[in-house]
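Letters A, B, ... are given to chains in the order of the sequence lines, protein chains preceding strands, and every chain is numbered from 1.
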Number of protein chains: 2
Amino acid sequence: MSDQLHPVEITPNGQGFLPGIAIDAVIFGFHQNQLKILLLEYRNTGLMALPGGFILATENLNDAARRVLSERTGLDDIYLEQFYVFGDLNRADPAPMRAIMTAKGLIPAEHHWLLGRFISVGYYALVDFTKAVPIPDSLSDSCGWYDLSNLPPLIQDHKTIVQKALNTLRTDLDRKLIGFNLLPETFTMADLQSLYETILDQKQHRSGFQRKMLSLGILERLDKHYSGGAHKAPYLYRFITESQQL
Amino acid sequence: MSDQLHPVEITPNGQGFLPGIAIDAVIFGFHQNQLKILLLEYRNTGLMALPGGFILATENLNDAARRVLSERTGLDDIYLEQFYVFGDLNRADPAPMRAIMTAKGLIPAEHHWLLGRFISVGYYALVDFTKAVPIPDSLSDSCGWYDLSNLPPLIQDHKTIVQKALNTLRTDLDRKLIGFNLLPETFTMADLQSLYETILDQKQHRSGFQRKMLSLGILERLDKHYSGGAHKAPYLYRFITESQQL
DNA sequence: TCAAAAGTGTTCGTGATACACCCATGT
DNA sequence: ACATGGGTGTATCACGAACACTTTTGA
């Protein structure tokens, strides 16, 4: 497990990390019928970027991704998936990082390790918006949720990375039954449908959607949820995890 | 495009390559109703491994993979797909590489760059068996096809890599219509069905399979193929590529 | 009692499955 | 002619889409 009490700090010369390899994380959350991702902001530069990190020489690649996730959200046991490796030459643009370091009061050497070429392994993660607590990293000043439909400009090729992550999420959504990772413990069928509609960006047929989900046999129906609305109260559902199915 | 006249040679100290990153390629072929992959053999060691390579500092990651493919098969324009990054600590086992280098007459230094930890980007490729010409790399003595159903022991975690590649191929097969890359220019419906049955490891229903394939609208029917068998001659088909569909 | 939302029933069309039948071909 | 493999027609079934109807709730 990752050690949140002692988050991994970036070293001045990159010692302790694998050289030339990085991780970029597209962390999805869902709130108020909007799909959101976590972004870092670098003060005085106006630059925004995906959360990321480097791999310790003593660390598995996937564990490094889990550590980054944990450090940015405070959550463990997050749904996490590799989706692509970004390794084009033209993605190496030292200008943003130089600006960030300068704004931080650091004077970057011409060939500082953070300014060189990086191969970046893209991960996407699905988290419960209500539980995640965004935490900036040591180079950034804020970490927060941004609507996927209204993203600010991002540094380097991070826009491309987000797009590819979203595409992967869309194709994985039905096949892997992962949507539930984006919802709280209990939710209504309307919540679930809204989530699917938002991710896939297309309306689902209400009755068909309900039947399809229930026919999967992975939802447990709980008590009704009285919202105070002038209408029939919906059931709450809970996702049956594999450990519960035993 | 990759330059086959001057294949990239491994440098003594790894100069010119990105450190700590490698490519492993699972190159699929199909012949005589068998799914095969390309393997390298290192003489005097009995060790066998997947084709692989390193990324030039001046080269895109995907181009490096295409270069490896081209160097091992003599083919360009190969169907190629990233499928996973292998980055566990325990995959670093210097023993096989040390044995290979020793057998080659090289005396590997204790911390030779080839013996350290590598993050490996897994690619799978689909090639026309009848066109590929297996070519060993500078460290190996032979390069050839091996039945997937009867693989020899492989070094390190290469068995795992093959398994993951096959799983990815299976899930991608229908979704991306990539099976045709494994067949010659023209083929019979029986050939195609045999390919699908071999990859998916399950029988397909003859008439249903034919209708499904034809309904995709991506097959062009050509002349009949007289095999000399005492039965009706099957049609030959050709896959309609996107450029032809315009 | 009414409107809005939730749950369920019913019909319809599509596509896969399974089976049957006919066609072509060389022995 | 006939055995063998190839192509196509047809009945059946499962499943999703679309629509309708009923139920529940608070104003």
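Looking only at distances, no side-chain donor or acceptor of A:Q193 sits under 3.5 Å from a matching main-chain atom of A:Q210.
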Problem set entry | Verdict with supporting geometry, B:E220 and B:L222, side-chain contact (heavy atoms from CB on, under 4.5 Å) | CA-CA 6 Å; B:E220 180 187 3; B:L222 307 171; 4.1 Å; yes

Problem set entry | Verdict with supporting geometry, B:F180 and B:Y79, ring-ring contact (aromatic ring centres under 6.0 Å, His included) | CA-CA 10 Å; B:F180 307 96; B:Y79 183 85; over 10 Å; no

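Under the 6.0 Å cut-off for aromatic ring centres, B:F239 and B:Y237 do not qualify, their centroids lying 6.0 Å or more apart.
Here C:dT17 presents its P atom at 12 Å from CZ of B:F209, a figure rounded to the nearest Å. Following rounding to the nearest Å, A:Q193 (CD) and C:dA5 (C1') show an atom-to-atom distance of 12 Å. What separates CG of B:L192 from P of D:dG7 is a distance of 12 Å, to the nearest Å. When rounded to the nearest whole Å, the span between CG of A:L216 and C1' of D:dC15 equals 13 Å.
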What protein N or O atoms touch nucleotides 6-10 of chain C N or O atoms at under 3.5 angstrom, if any, and at what distances?
{"residue": "C:dA6", "atom": "N7", "partner": "A:R206", "partner atom": "NH1", "Å": "3.4"}
{"residue": "C:dG7", "atom": "OP1", "partner": "A:Y235", "partner atom": "N", "Å": "2.6"}
{"residue": "C:dG7", "atom": "O4'", "partner": "A:K232", "partner atom": "NZ", "Å": "3.4"}
{"residue": "C:dG7", "atom": "N7", "partner": "A:R206", "partner atom": "NH1", "Å": "2.7"}
{"residue": "C:dG7", "atom": "O6", "partner": "A:R206", "partner atom": "NH2", "Å": "2.8"}
{"residue": "C:dT8", "atom": "OP2", "partner": "A:R221", "partner atom": "NH2", "Å": "3.4"}
{"residue": "C:dG9", "atom": "N7", "partner": "A:R211", "partner atom": "NH1", "Å": "3.1"}
{"residue": "C:dG9", "atom": "O6", "partner": "A:R211", "partner atom": "NH2", "Å": "2.8"}
{"residue": "C:dT10", "atom": "O4", "partner": "A:R211", "partner atom": "NH2", "Å": "3.4"}

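Counting non-hydrogen atoms of other residues, nucleotides and ligands closer than 6.0 Å to CZ of B:R43 gives a total of 12 or fewer.
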Return a table of donor-acceptor pairs under 3.5 angstrom between the side chains of residues 23-34 of chain B and protein atoms on other chains or two or more places apart.
{"residue": "B:D24", "atom": "OD2", "partner": "B:S120", "partner atom": "OG", "Å": "2.6"}
{"residue": "B:N33", "atom": "OD1", "partner": "B:S194", "partner atom": "OG", "Å": "2.6"}
{"residue": "B:Q34", "atom": "OE1", "partner": "B:S149", "partner atom": "OG", "Å": "3.3"}

